[in-house]
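Down below is the structure, laid out as structure tokens.
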Amino acid sequence: MANERYNAPDREKHWQQVWDQGEIFKAREDHAIPKCYVLEMFPYPSGRIHMGHVRNYAMGDVFARFKRAKGFNVLHPMGWDAFGMPAENAAMERKVHPGTWTYANIDTMRGQLKSMGLSLDWSREIATCSPDYYKHQQKLFLDLLKKDIAYRKSSKVNWDPVDHTVLANEQVIDGRGWRSGALVEQRQLTQWFFKITAYADELLRDLDTLTHWPEKVRLMQANWIGRSEGMLVRWGLDTATAPPGLIELEVYTTRPDTLFGASFLAVAPDHPLAKAAAEKDAKLAEFCDECRRLGTSVADIEAAEKRGFDTGIRAVHPFDPTWQLPVFVANFVLMEYGTGAIFGCPSGDQRDMDFARRYDLPVVPVILPAGEDAKTFTLKNKAFEDDGVMINSRFLDGMSTKAAFEAAASRLEKQTLNGAPQGQRKVNFRLRDWGISRQRYWGCPIPVVHCGVCGVVPVAERDLPIELPEDATFDKPGNPLARHPTWKHTTCPSCGAPATRETDTMDTFVDSSWYYVRFTAPHSATPVDKVAAQYWLSVDQYIGGIEHAILHLLYSRFFARALSDTGHLTFASNTREPFSALFTQGMVTHETYKSQDGYWLLPNDVRFEGEGNGRRAIEISSGRPAAIGSIEKMSKSKKNLVDPDDIIAHYGADCARWFMLSDSPPERDVIWTEAGVAGAGRFIQRVWRIVEDIADAVPEIALPRPQSFGADALSVRKAAHRSLDQVGRSIEALRFNVAVANVHEFCNALQAAHGKTGPDMAFAAREAAAFLVTMIGPMMPHLAEECWARLGYNTLLANEPWPAVEAALLVDDQVTIAVQVNGKRRDELVISRTANTEEVEAAALRLEPVIRALEGRPVKKVIVVPQRIVNVVG
RNA sequence: GCGGACGUGGUGGAAUGGUAGACACACAGGACUUAAAAUCCUGAGUUCGAAAGAGCGUGAGGGUUCGAGUCCCUCCGUCCGCACCA
């Protein structure tokens with residue numbers, strides 16, 4: 001048979017057209033069918049897709065296609081996270097409008113994604129920068145505003161004085177703006193916030209229900225939310241030492257049990273008490289300034305030295321009016337957490353210990369670790385932070401840490417200071433409200449108006465969307481909306497007086513916090529179509545990068561709840577989770593190459609000589625040796641990039657997809673290698689050959705099922721059914737590398753049966769070929785479709801159900817079980833699957849190697865695990 | 001510093017507490033070919049041995065178990081997250 005090579009690039013285009021024309025992957029609004037919502041994190045339209053996208057979308061597509069074949073009504077949409085800074089940077093650098101730039105990128109990337117052959121429902125495509133999308137977001141904002149979930153407050157921000165913009169914490173590097181390099185200032189600005197803290201408890205509690213999320217992500221979110229149970233404790237101040245009018249200081253503590261170990265109080269440099277005290281003390285003022293400057297810089301973290309300044313103010317211990325403690329301003333106390341003030345117990349907290357040693361403050365052990373003697377127990381420079389028995393603590397002595405907490409807490413609650421209870425139990429969170437104001441152009445306008453008479457007034461809903469002006473300028477730093485000559489001028493929706501629009505736009509994380517909801521009804525006139533949302537949500541499988549473990553996923557979880565509380569969404573289940581299963585895939589990595597001049601080189605710019613240890617890289621243009629560097633995440637800066645377009649044009653999309661799924665477990669990093677891709681390419685041809693051989697040898701489409709099968713045919717059928725079963729399970733569990741191995745194994749089994757003939761074999765071979773095509777279908781859909789046609793079927797494989805396996809073929813009559821003597825494998829035993837324990841035991845003891853290994857010792861015990869193993873103990 | 005994950009052949013990696021190394025890559029030998037590519041077959045953890053076979057083997061050390069890559073403890077190494085959260 002003159003086999004022709006499978007021409008991937010040619011056939012792939014063909015099948016993509018067929019799928020497209022047949023609208024095969026359009027999700028159906030038939031809510032009687034069980035649904036499956038498969039979603040990959042939508043991309044930012046940066047210009048071109050990269051290998052990370054290929055991996056992410058290949059995985060999602062395998063899952064989506066598999067679920068379709070399993071009979072689910074699959075929603076598998078795609079869109080664009082299209083607002084953001086890069087578009088504005090492009091506008092500044094290249095004098096192109098952010099919208100023009102963004103939509104051109106979207107066109108390019110849509111084309112690239114289509115060339116991957118993804119089973120996407122493109123009729124649901126959304127771009128967050130389109131007014132069709134953001135007008136709904138503005139409506140949601142207005143509803144959040146009504147419910148006080150959106151609000152304005154003054155807060156400290158990182159201000160870049162060159163770019164005239166607020167920077168997120170992660171955009172501040174070593175105290176400087178990531179773009180301008182200017183020293184970042186702390187400014188007090190009025191900003192818009194979402195009250196995510198109102199949901200802190202629920203967001204934390206419901207993490208427990210997310211059993212199909214990686215443990216790691218749940219842990220990261222739990223840490224981020226950072227719940228702690230403690231107390232607010234008010235300390236009286238010695239008025240002789242305190243600034244006028246200040247009579248008390250409130251601290252937050254999680255350890256009221258250690259109050260008798262207290263040796264100082266400390267407040268943040270920005271604490272009102274520090275500011276008041278600094279007014280009369282120039283040296284203190286200078287110290288506070290210094291602390292502020294060191295704020296976020298790395299130098300500060302490296303120094304990590306606890307430093308403080310004694311304000312001279314004295315506080316009175318809540319349990320002993322005669323006991324006074326110094327109040328310090330300390331650099332390690334954060335104004336943003338708790339009350340911005342602490343009490344220090346050096347024996348029970350390492351930071352306090354460091355501080356006490358530096359400033360020579362008393363260290364009184366109050367907790368005795370188990371196994372220590374109270375008389376001899378001392379602490380050097382290491383605090384004891386665990387539980388134990390209370391000592392040196394008067395009425396708490398002898399109690400456990402927990403009991404002491406309760407005893408101290410209830411006494412503080414009963415005690416009064418200045419007419420109010422001195423202590424109050426308080427749950428505190430690390431999580432802060434989400435600041436969404438950005439002084440940028442390319443984002444969703446916040447739909448409010450500032451009126452001199454009425455204040456902040458929401459825009460009327462009939463006036464939505466508030467669209468971005470087309471004619472903004474990007475030639476200088478600062479907010480193009482704020483300096484636009486006319487855009488912001490309007491009238492007050494309430495009183496009609498002249499007013500100005502809000503010129504802040506929303507953080508782009510807002511856009512991506514509800515896109516998965518919009519996909520369920522992307523053309524709905526309201527932001528959410530409740531019926532569609534209730535059917536499709538939650539997302540059954542969400543796939544994306546671990547880099548979004550905290551922010552995007554937490555914001556989305558918050559939004560699902562906020563949309564539910566504003567009546568947009570109803571959840572069928574009792575938790576309001578948007579993503580019931582999450583999978584975080586690893587990165588795509590590649591070797592790096594450097595020229596002799598120290599420049600990074602593209603993989604395409606080098607060729608190789610030798611192999612193994614003798615493998616060398618040569619720079620093609622100069623012919624000079626190049627250095628082979630470490631394997632790193634593909635990045636523009638290190639130039640270790642492979643362009644998906646090149647790979648698809650050369651090998652085909654199926655090849656790129658197959659390689660991405662092979663070998664490396666999907667949650668781990670994968671190393672992109674030329675040899676690996678070539679191997680995937682060879683496998684494609686191998687599958688094609690196997691299918692062609694069978695199609696030619698057995699051209700009949702519907703063979704009658706033989707009455708019985710000979711040994712050879714039976715073994716082919718067993719391999720086919722077993723493999724189909726395994727591949728299905730592997731895909732279901734997102735273990736694509738194992739699914740690939742299952743397919744390889746099946747091909748090897750088919751190859752071994754090559755050349756066998758007979759009517760039973762013909763039936764088995766055709767069945768095997770159809771199964772093979774089915775199982776590669778989700779992973780290499782074009783090749784599978786071509787093979788399906790080659791086998792003579794005139795249906796589309798994409799519409800074919802996943803065949804049912806015959807359970808009888810999954811089990812063998814004979815099983816091979818290992819036989820161990822004292823835990824060491826000595827032989828194998830082939831025996832009937834239904835053999836009972838006695839038969840297995842007897843057969844095992846007859847084995848020559850077993851007798852030899854026993855060396856004449858009597859058999860003490862025989863452990864038989866049916867169908868698995870026998871262990872003879874002697 | 002705290003928290004987490006991981007550590008298996010030359011390489012990527014398989015393995016519900018039950019035959020460690022499936023599958024692939026790379027490698028070696030053979031077949032086909034004038035030759036090469038492609039393809040097909042065979043081999044291979046390591047040590048001893050011609051072979052049969054035996055010893056040793058999942059970062060190191062200990063423990064639980066009839067049986068441990070898998071569970072527990074200690075240590076070493078790599079990677080990731082958080083970064084003074086009171």
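Residue numbering restarts at 1 for every chain, and letters A, B, ... go by the order of the sequence lines.
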Examine [N]: is either OP1 or OP2 under 4.0 Å from a nitrogen or oxygen in the side chain of [X]? Give yes or no.
{"X": "A:R682", "N": "B:A26", "result": "yes"}
{"X": "A:Q751", "N": "B:C40", "result": "yes"}
{"X": "A:R351", "N": "B:C85", "result": "yes"}

Is there side-chain contact between [X] and [Y], with heavy atoms separated by less than 4.5 Å?
{"X": "A:D354", "Y": "A:F332", "value": "no"}
{"X": "A:F736", "Y": "A:L734", "value": "yes"}
{"X": "A:N822", "Y": "A:K824", "value": "no"}
{"X": "A:L582", "Y": "A:L210", "value": "no"}

Going by atom types alone, do A:N742 and A:S730 pair a side-chain donor with an acceptor below 3.5 Å?
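A:N742 vs A:S730: donor-acceptor pair found between side chains.
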
A:N428 and A:S228: side chain donor to acceptor below 3.5 Å:
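A:S228 and A:N428 do not have a side-chain donor-acceptor pair below 3.5 Å.
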
Separation of the [atom1] atoms in [N] and [M], to the nearest angstrom:
{"N": "B:G29", "M": "B:U19", "atom1": "P", "result": "35 Å"}
{"N": "B:A26", "M": "B:A35", "atom1": "C1'", "result": "25 Å"}
{"N": "B:C80", "M": "B:C85", "atom1": "P", "result": "23 Å"}
{"N": "B:U70", "M": "B:A5", "atom1": "C1'", "result": "16 Å"}
{"N": "B:U47", "M": "B:G9", "atom1": "C1'", "result": "15 Å"}
{"N": "B:G61", "M": "B:G77", "atom1": "C1'", "result": "15 Å"}
{"N": "B:G18", "M": "B:G10", "atom1": "C1'", "result": "30 Å"}
{"N": "B:C56", "M": "B:A20", "atom1": "C1'", "result": "14 Å"}

For nucleotides 16-22 of chain B, 5' to 3', base contacts (B), sugar-phosphate-only contacts (S) and non-contacts (-) with protein non-hydrogen atoms under 4.0 Å give B-BB--B

Nucleotide by nucleotide, nucleotides 43-61 of chain B touches protein heavy atoms under 4.0 Å in the pattern (B base, S sugar-phosphate only, - none) ----------SSSS-----

For atom [atom1] of [X] and atom [atom2] of [N], their distance in whole Å:
{"X": "A:Y337", "N": "B:C84", "atom1": "OH", "atom2": "C1'", "answer": "12 Å"}
{"X": "A:D354", "N": "B:A83", "atom1": "CG", "atom2": "P", "answer": "20 Å"}
{"X": "A:D352", "N": "B:A86", "atom1": "CG", "atom2": "P", "answer": "12 Å"}
{"X": "A:Q726", "N": "B:A14", "atom1": "CD", "atom2": "C1'", "answer": "12 Å"}
{"X": "A:R668", "N": "B:A5", "atom1": "CZ", "atom2": "C1'", "answer": "10 Å"}
{"X": "A:H744", "N": "B:A24", "atom1": "NE2", "atom2": "P", "answer": "6 Å"}
{"X": "A:M660", "N": "B:G12", "atom1": "CE", "atom2": "P", "answer": "18 Å"}
{"X": "A:L207", "N": "B:G3", "atom1": "CG", "atom2": "P", "answer": "19 Å"}

Runs of at least three consecutive pairs that involve RNA chain B, where pairs are Watson-Crick or G-U with distances under 3.5 Å:
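Detected stem regions: B:1-7 with B:76-82, B:10-12 with B:23-25, B:27-31 with B:39-43, B:45-48 with B:53-56, B:59-63 with B:71-75.
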
Output yes when [X] and [Y] qualify as a salt bridge under the 4.0 Å nitrogen-oxygen rule, no when they do not.
{"X": "A:K718", "Y": "A:D812", "value": "yes"}
{"X": "A:D693", "Y": "A:R689", "value": "no"}
{"X": "A:R5", "Y": "A:E692", "value": "no"}

Assign each of A:I550 and A:D349 to its nearest nucleotide of RNA chain B by heavy atoms, then name whichever residue's nucleotide is nearer the 5' end.
A:I550

A:L219 vs A:A341, nearer the 5' end of RNA chain B by closest nucleotide
A:L219

Write out all pairs satisfying salt bridge (charged side-chain N to carboxylate O under 4.0 Å, His left out) with one or both partners inside residues 857-873 of chain A, taking only residues at least two apart or from two chains.
A:E855-A:R857

Taking only the side-chain heavy atoms of A:P665 (C-beta and beyond), determine which of B:A86, B:C84, B:A14 contains the nearest atom.
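Within the option list, the nearest is B:A14.
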
How is [X] classified with respect to the nucleic acid when contacts are heavy atoms under 4.0 Å: base, sugar-phosphate, or nothing?
{"X": "A:N748", "answer": "sugar-phosphate"}
{"X": "A:V740", "answer": "nothing"}
{"X": "A:S662", "answer": "nothing"}

Which glycosidic conformation, syn or anti, is assigned to B:G55 if syn requires a torsion within 90° of zero?
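Anti for B:G55; the angle lies over 90° from 0.
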
By side chain to side chain donor-acceptor pair (under 3.5 Å), A:E674 pairs with (sequence neighbours left out) A:Y651

Partners of A:D270 by side chain to side chain donor-acceptor pair (under 3.5 Å), sequence neighbours excluded?
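With neighbours one apart ignored, the set is A:K156, A:R292.
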
Is A:K860 side chain donor-acceptor paired with the B:C66 base, going by distance under 3.5 Å alone?
no

Would one find more than 12 heavy atoms of other residues, nucleotides or ligands at under 6.0 Å from atom CZ of A:R729?
no

Strictly distance-based, threshold 3.5 Å: is any side-chain N or O of A:H317 a donor or acceptor partner for the main-chain N or O of A:L259?
yes

